Amino acid sequence: MSMRAKTFQAAVVSLAALLPAYTHAEGIDTEHIFGFMIGTDVGSVGEREFQTETTGRFGRSGGIYRALSQEFELEFVPVRNFRVEVGSTFASHLISGAPGLDDQRRLSWQGASVDFRYRFLDRETAPFGLTFATEMHAHRVDETTAESVRSFGTEFRLAFDRELVPDRVIAAFNLIYEPEWTRVVAGRTMEHDSTAGAALGVLAQVRPGFLLGGEARYLRKYEGIGLEELAGQALFIGPTAYFQLSKRSRLTASWSVQAWGRPAGSAASLDLVNFDRHQARLVFGVNF
């Protein structure tokens, strides 16, 4: 185990020991327990939440690369099995000497998004849970290069989950497809790309209100929105921890490292052209 992973694990265990025990009598709710994935639960009718999602991405093929996004979200459940989320994101970039990227030191408002989720199957009454999610976003700053753009993207996810051990161990699986249309303001060029992949996550409830486990994601980057030409692929793995801080508040912490990757036409063991070396996410939410 790497030093980073040991540090993350030690921090999680220490925080869990300091948190008061909180009993969740209704079993495991998968709506917010994963970091880079989603579960099939969507909340109860009339439920409203405010959430902040901080995502850090670090390391490219050379030089200094640090990108941080801060999203503020409002979620509500107007009818049974259907959830709506609207969000606004700010982005910070520090890029210096990274091959293929211009040096940047920038903090700006990145854009807005809307997310819809509908649960088709409830695992309480079906063999597994099944939810379809689509998120649409419009960005004025490219999340990788920090260039000024006019970008529109859509993320489609099909999520499955099932309790392997009732009220103790939960597993989730996601199928992902993300087409993106981007026009670079400076060069007035239009780019089309897409990402497809699958993700698997398993979490165990160590104590009431505290879940610990991990997530693995395999992603493929393509040129063109129709998955025409493969640009690169990567496998991310890392730990995830979920804390129920109180009856109304929660915290999720997740970290992923690129364990394997390969740009198209290369024999490299990592793809640091199309993907980051490290990714981290911290999500805090509160019901109101």
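Values in this document were obtained by computation on a predicted structure and should not be read as measured data.
At a threshold of 4.0 Å, the pair R83-E31 counts as salt-bridged, since one of the basic side-chain nitrogens sits closer than that to a carboxylate oxygen. Under 4.0 Å is where a charged nitrogen must lie from a carboxylate oxygen, and between K221 and D271 no such pair does. The residues R117 and D115 are annotated as salt-bridged, a charged nitrogen and a carboxylate oxygen being separated by less than 4.0 angstrom.
H93 contributes a side-chain N or O that, together with a main-chain N or O of E143, makes up a donor-acceptor pair within less than 3.5 Å. Checking side-chain atoms of T182 against main-chain N and O of E191 turns up no donor-acceptor pair under 3.5 Å.
Between F243 and F210, the distance from one ring center to the other falls under 6.0 angstrom.
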Before giving the answer on side chain to side chain donor-acceptor pair (under 3.5 Å), spell out for R119 and N81 the whole-Å C-alpha distance, their side-chain angles and the decisive distance to 0.1 Å. CA-CA 5 Å; R119 181 172 61 184; N81 293 323; 2.9 Å; yes

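The cationic group of R217 lies under 6.0 Å from the six-membered ring centre of F36 and within 45° of the ring axis, placing it in a cation-pi geometry. Judged by the 6.0 Å distance and 45° axis criteria, R60 is positioned over the aromatic ring of Y65.
The aromatic rings of F275 and F236 sit perpendicular, their planes meeting at an angle over 60°, well past the 30° parallel limit.
In this structure, CZ on F160 lies 13.5 Å from CZ on R162, to the nearest 0.5 angstrom.
Following chains of ILVMFWY side-chain contacts shorter than 4.5 Å, one can reach L130 starting from F173, so the two form part of one hydrophobic cluster. Both F82 and F132 are part of a single hydrophobic cluster, where members link through side-chain heavy atoms under 4.5 Å apart. Linking ILVMFWY residues whenever their side-chain heavy atoms come closer than 4.5 Å, directly or via other members, leaves M190 and Y222 in distinct clusters.
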